[in-house]
Amino acid sequence: MKNIPWRSIFAWLLVAFFALGGTMNIFATPEILMDYERWGYPSGFNYLTGLLEWFSAILIAMPRTRLIGSLLAAGVMAAAAGTVLLAGEYSHAIPPLIVLALVLLNAALTVRVASAKAVRQ
């Protein structure tokens with residue numbers, strides 16, 4: 001169990017989450033588009049959200065850019081949570097807040113690994 005690269009597996013699960021989320025926003029169903037409209041976002045905002053999620057996934061996938069990707073993903077999740085909270089959809093804020101915590105954990109783990117490598121050198 002010690003030899004399993006848990007940090008990498010965790011990062012790749014986040015990659016899958018943001019790749020899927022980006023795809024769902026770029027190829028949005030009518031229901032998702034209605035959500036964006038209800039929240040007051042302009043037409044096409046789903047594309048921006050989807051592209052940010054895809055870009056987060058790409059950055060998290062590469063160890064050298066994992067911290068930047070995690071911080072971008074945290075921004076996307078904070079915006080998602082803020083959107084539903086401002087709309088009064090409090091229970092809908094729980095999933096993005098959980099993912100926000102997970103990407104911040106990924107950022108912290110990434111910093112910890114980088115610090116440990118720097119100390120060894």
Side-chain angles (χ1 to χ4, degrees):
M1 291 289 279
K2 238 181 179 183
N3 293 331
I4 297 174
W6 292 111
R7 284 185 290 249
S8 293
I9 292 169
F10 178 56
W12 279 97
L13 289 172
L14 290 171
V15 168
F17 175 84
F18 283 99
L20 178 62
T23 301
M24 290 176 64
N25 275 305
I26 289 174
F27 303 102
T29 63
E31 292 82 14
I32 291 174
L33 294 175
M34 286 179 9
D35 287 340
Y36 277 97
E37 185 178 327
R38 183 178 74 251
W39 296 324
Y41 288 109
S43 177
F45 194 80
N46 59 297
Y47 295 116
L48 175 62
T49 304
L51 289 173
L52 288 172
E53 288 176 317
W54 274 354
F55 197 48
S56 296
I58 291 166
L59 291 171
I60 293 169
M62 297 180 285
R64 287 188 150 193
T65 58
R66 190 163 288 157
L67 177 60
I68 296 167
S70 295
L71 296 176
L72 177 59
V76 171
M77 289 296 100
T83 294
V84 293
L85 287 170
L86 288 172
E89 301 173 20
Y90 304 112
S91 64
H92 290 129
I94 295 169
L97 289 171
I98 290 170
V99 177
L100 173 60
L102 293 173
V103 294
L104 290 174
L105 174 60
N106 192 56
L109 291 172
T110 302
V111 168
R112 183 175 168 199
V113 168
S115 296
K117 284 182 182 177
V119 168
R120 279 187 253 141
Q121 291 179 353

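Note that the coordinates shown come from a computational prediction; the quantities given were computed from them, not determined experimentally.
Of all non-hydrogen atoms in Val113 and Arg7, the two that sit nearest each other are CG2-NE, 3.3 Å. Nearest heavy atom pair, residue Ser91 against residue Pro95, reads O-CD, 3.8 Å. Here the closest non-hydrogen pair linking Leu33 and Ala28 is CD2-CB, 3.7 Å. Counting all heavy atoms, side chain and backbone alike, Ala74 lies closest to Leu100 at O-CD1, 3.4 Å. The two residues Leu102 and Phe10 come nearest to each other via the heavy atoms O-CZ, 3.3 Å.
Screening residues 70-81 for side chain to side chain donor-acceptor pair (under 3.5 Å), with sequence neighbours left out, gives Ser70-Asn106. For residues 58-75, no residue pair satisfies the salt bridge (Lys or Arg N to Asp or Glu O under 4.0 Å) rule, not counting sequence neighbours. Counting only residues at least two apart or in different chains, ring pair (Phe, Tyr, Trp, His ring centres under 6.0 Å) contacts with residues 43-72 comprise Tyr41-Phe45. Residue pairs that meet the salt bridge (Lys or Arg N to Asp or Glu O under 4.0 Å) test with at least one member in residues 88-112, sequence neighbours left out, are Arg38-Glu89. Pairs of residues two or more places apart, or lying in two chains, never qualify as salt bridge (Lys or Arg N to Asp or Glu O under 4.0 Å) while including a residue from residues 42-51. Contacts classified as salt bridge (Lys or Arg N to Asp or Glu O under 4.0 Å) and involving residues 15-28 (residues at least two apart or in different chains) are not found.
Under a 4.5 Å side-chain heavy-atom criterion applied to ILVMFWY residues, the cluster that includes Leu71 comprises Leu67, Val111 as well.
Between atom OG1 of residue Thr83 and atom NE2 of residue His92 there is a gap of 13.0 Å, rounded to the nearest 0.5 Å. Between the CD1 atom in Ile26 and the CG atom in Leu51 there is a gap of 4.0 Å [rounded to 0.5 Å]. In this structure, the separation between OG on Ser56 and CD1 on Ile68 is 11.5 Å, given to the nearest 0.5 Å.
Taking the side chain to side chain contact (heavy atoms under 4.5 Å, CB included) definition, one finds that Ile94 meets it with Ile98, sequence neighbours left out. Residues passing the side chain to side chain donor-acceptor pair (under 3.5 Å) test with Thr49 are Tyr36, sequence neighbours excluded. Evaluation of the side chain to side chain contact (heavy atoms under 4.5 Å, CB included) rule for Met62 yields Ile58, Thr65 as partners, not counting sequence neighbours. Remark: Ala19 engages Ala57 in a side chain to side chain contact (heavy atoms under 4.5 Å, CB included) (not counting sequence neighbours). Residues satisfying the side chain to side chain donor-acceptor pair (under 3.5 Å) test with Thr29, not counting sequence neighbours, are Glu31.
With hydrogens and angles disregarded, no donor-acceptor distance shorter than 3.5 Å links the side chain of Asn25 to the backbone of Asn46.
Residues Leu86 and Trp39 are not in side-chain contact: their nearest non-hydrogen atoms beyond the backbone lie 4.5 Å or more apart.
Following chains of ILVMFWY side-chain contacts shorter than 4.5 Å, one can reach Leu48 starting from Phe18, so the two form part of one hydrophobic cluster. Residues Trp6 and Trp12 fall into different hydrophobic clusters, defined by Ile, Leu, Val, Met, Phe, Trp and Tyr side chains chained together at heavy-atom separations under 4.5 Å. Both Leu97 and Leu52 are assigned to one and the same hydrophobic cluster, defined by single-linkage of ILVMFWY side chains at heavy-atom distances under 4.5 Å. Following chains of ILVMFWY side-chain contacts shorter than 4.5 Å, one can reach Leu105 starting from Val76, so the two form part of one hydrophobic cluster.
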